[in-house]
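Worksheet: the structure to be examined is printed underneath.
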Amino acid sequence: MKITSVNAQIAISLMQARWQQTMVAAVGVTFSITMFITLLGFMNGLNEMLDGLILNRTAHVRLFNDLQANKAQPLTLGMDTLQSHAFIQSVKATQVRRDIYNSGQILAYLKNNKEVLGVSPRLNAQILYNSGTIDITGVLNGIDANAESALFHFTDYISGGDARDLTTVPNAVILGKGVANLLQAEVGDVIQVTTSTGNRLSLKVVAFFQSGIADYDKVQSFVALETVQKLLGVSGGYMSDIQIKLNDLNNAPAFAREISSIFKVNAEDIQTANAQFETGSFIRSLISYVVGITLLIVAGFGIYNILNMLIYEKLDSIAILKATGFSGSDVRYIFMFIALSIGFLGGLAGLGFGYIMLRIIDEVPFTTAALPTITTYPISYNPAFFFIGILFSIATTFFAGFFPARKASTVDPVIIIRGK
Amino acid sequence: MSKKVLETKSIEKYFNDPIRVKVLESINFSVDRGEFVSITGKSGCGKSTLLYILSTMDTDYEGSLYLDNQLTTGKKDNELSIIRNEKIGFVFQFHYLLNEFSVLKNVMLPALKLAKKSPEEIESDAITQLKMLGMDSKALKNANQLSGGEKQRVAIARALINNPLIIMGDEPTGNLDNKNSEIVFEIFQELSKTNHQTLLIVTHDQEFAACTDRQLVMEDGRLV
């Protein structure tokens, strides 16, 4: 690289003459940026994993029919004339349909909607797993395995087999890991289930499901939607839930309201259902940013000190430069050039080392019973962290260099030269 | 028409710290093109103070200063540094070379700043100047590898690089032994005679001053 500017040449020569101090300053920046990148990448990797545990598996909007007490109580019908409060409620919730009205029409509408990424219908059935003389209560989730895999990372939680077998093998079941342990079931075994209405069905185990939430895994098992429909003796359009994934998560509340008003169905959005997760992620990110910025500020003080020392040592040179026609702004340029070079090169090295650190952590084994598909520590390689890192390193060194450079620019050559 | 390179009109200067003291009193004089002028006087008579005002580095004075028939008093820092760069060459008592650079680069710096010529031309100019002063063999050495007399010769080469209107010297021989003082003095005389270079040298060396075209003597802040 050919440096043409005289000021830049002088700055580079000054740095070469004091390369040890320059290195120390640059290493300070490198260290802080390395830690900044490592912290953010690691923290956010964990964040994404933990959020993923719930958020990936949760629909952005869920449509269902809620069981509610009957609103039309005999007393309330006459309340207008009675002018008093009624405390007697006798009519129970009966004849309420569990399935969603017009499910076919809703599915067709959703599939044509541009906001919708995908839909996955579900039908749940309360069942008993039969194990010898004991019955274990559980839930059979009838799902569309392909849609679940595409939208909710269903395959990430499958071990011991293939989720696609649900659609190809008749009466196949993916057992929750907890249930499987209780039943001592292996892949290929056949298990018996009984519905609340007394229907019995034999299911073939094709894989295990492990969500990482033990209580969930003890209860839930997955079968094809048609299998549950068959078990309950209902028609093909019968479904209790429609899980919707949107292109933009933030549109969920508005979309839920829209669907709810069009189809007169209960619609719950993800923000309402899982408000606490965003708070956790936010706090973790905030902590990593604060630590990273603190490190950078410390490095900034290092640069400030080293520049101040350099300027003190080079007062003679500054005086002679000024005497031979370099202006105050030239001198300021020279020292800002030094500061920003340290910031930029130190920061760039920091990005490199930070990336290496992330790669190393990414290789460290991390096995947890809760997460079958994760074998090493989760790392996020978001380019935004690298961008913020270099931006911060330049900004910090700019401020660290600003005051020493201004001081240098106001050096009075007469005082220095006379002082000899 | 006489060509005045430098002219002062009733320049006065005070030191305010610790008490207000008048150090220069109504300095009126001028230097014509090609003149070799010396200012002598006892230590503390204000001759260096006057030189720094004339060099535009010190702007805290009363009266007015003309360089090349232009008023420089009251100009901004940036404008003054351009004037210094282009029109004035300095030689100080202490060499004031930049130790980070080679001898050649030291000489080239003011011209690189002026940027009127390409770096290649400047380099050949610098070598010519060094050759004239017998320093070309040391061109690629670092400034701190030279002896005192050699450094002063390099400083003179640097002062000459932009073909300045005037060369100002503040005790240029003050820190040198007799032999080197003579060499420096001969160089100045040579410049004055062959190049018709204008020179204004502050010195307390009477021998030196006696050989200049015009001798100004200062006493207690006045020209006598």
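Note that the structure is predicted; figures quoted are calculated from it, not measured. In what follows, chains carry the letters A, B, and so on, assigned in the order in which the sequence lines appear, proteins first and then strands, with residues in each chain numbered from 1.
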Tell me whether the count of non-hydrogen atoms from other residues, nucleotides or ligands lying under 6.0 Å of CZ in B/Phe29 goes above 12.
yes
Tell me, side chain or backbone of B/Leu80 under 4.5 Å from chain A's heavy atoms, or both, or neither?
neither
Only counting residues at least two apart or in another chain, list the ones meeting salt bridge (charged side-chain N to carboxylate O under 4.0 Å, His left out) with A/Lys322.
none
If I compare all heavy atoms of A/Ala323 with all of B/Phe90, which pair ends up nearest, and what's the gap?
O-CE1, 3.1 Å
Specify the closest pair of heavy atoms between A/Gln9 and B/Leu112, including all atoms of both residues, with the distance to one decimal.
OE1-CD1, 4.3 Å
Quick one: which residues of residues 327-336 of chain A reach chain B at under 4.5 angstrom, heavy atoms only?
A/Ser327, A/Gly328, A/Ser329, A/Asp330
Report, as yes or no, whether the 6.0 Å neighbourhood of atom CE on A/Met309 holds more than 12 heavy atoms from other residues, nucleotides or ligands.
yes
Can you find a pair of side-chain heavy atoms, one from B/Asn162 and one from A/Thr324, that are under 4.5 Å apart?
no
Return yes when atom OH of A/Tyr381 has more than 12 non-hydrogen atoms of other residues, nucleotides or ligands closer than 6.0 Å, and no otherwise.
yes
Using a 6.0 Å cut-off, check whether atom CZ of B/Phe15 has over 12 heavy atoms from anything other than its own residue.
yes
Any side-chain heavy-atom pair from A/Ile10 and B/Phe101 closer than 4.5 angstrom?
yes
Taking side chain as C-beta onward, heavy atoms only, is B/Arg158 less than 4.5 Å from A/Ile320?
yes
Flag if over 12 foreign heavy atoms under 6.0 Å of CZ, A/Phe31:
no
Just wondering, are more than 12 heavy atoms of other shown residues or ligands nearer than 6.0 Å to OH in B/Tyr14?
yes
Heavy-atom cut-off 4.5 Å, strictly under: side chain, backbone, both or neither for B/Thr56 against chain A?
neither
B/Leu98 vs A/Leu321, side-chain contact (heavy atoms from CB on, under 4.5 Å): CA-CA, chis, key distance, verdict:
CA-CA 9 Å; B/Leu98 301 178; A/Leu321 283 173; 3.9 Å; yes
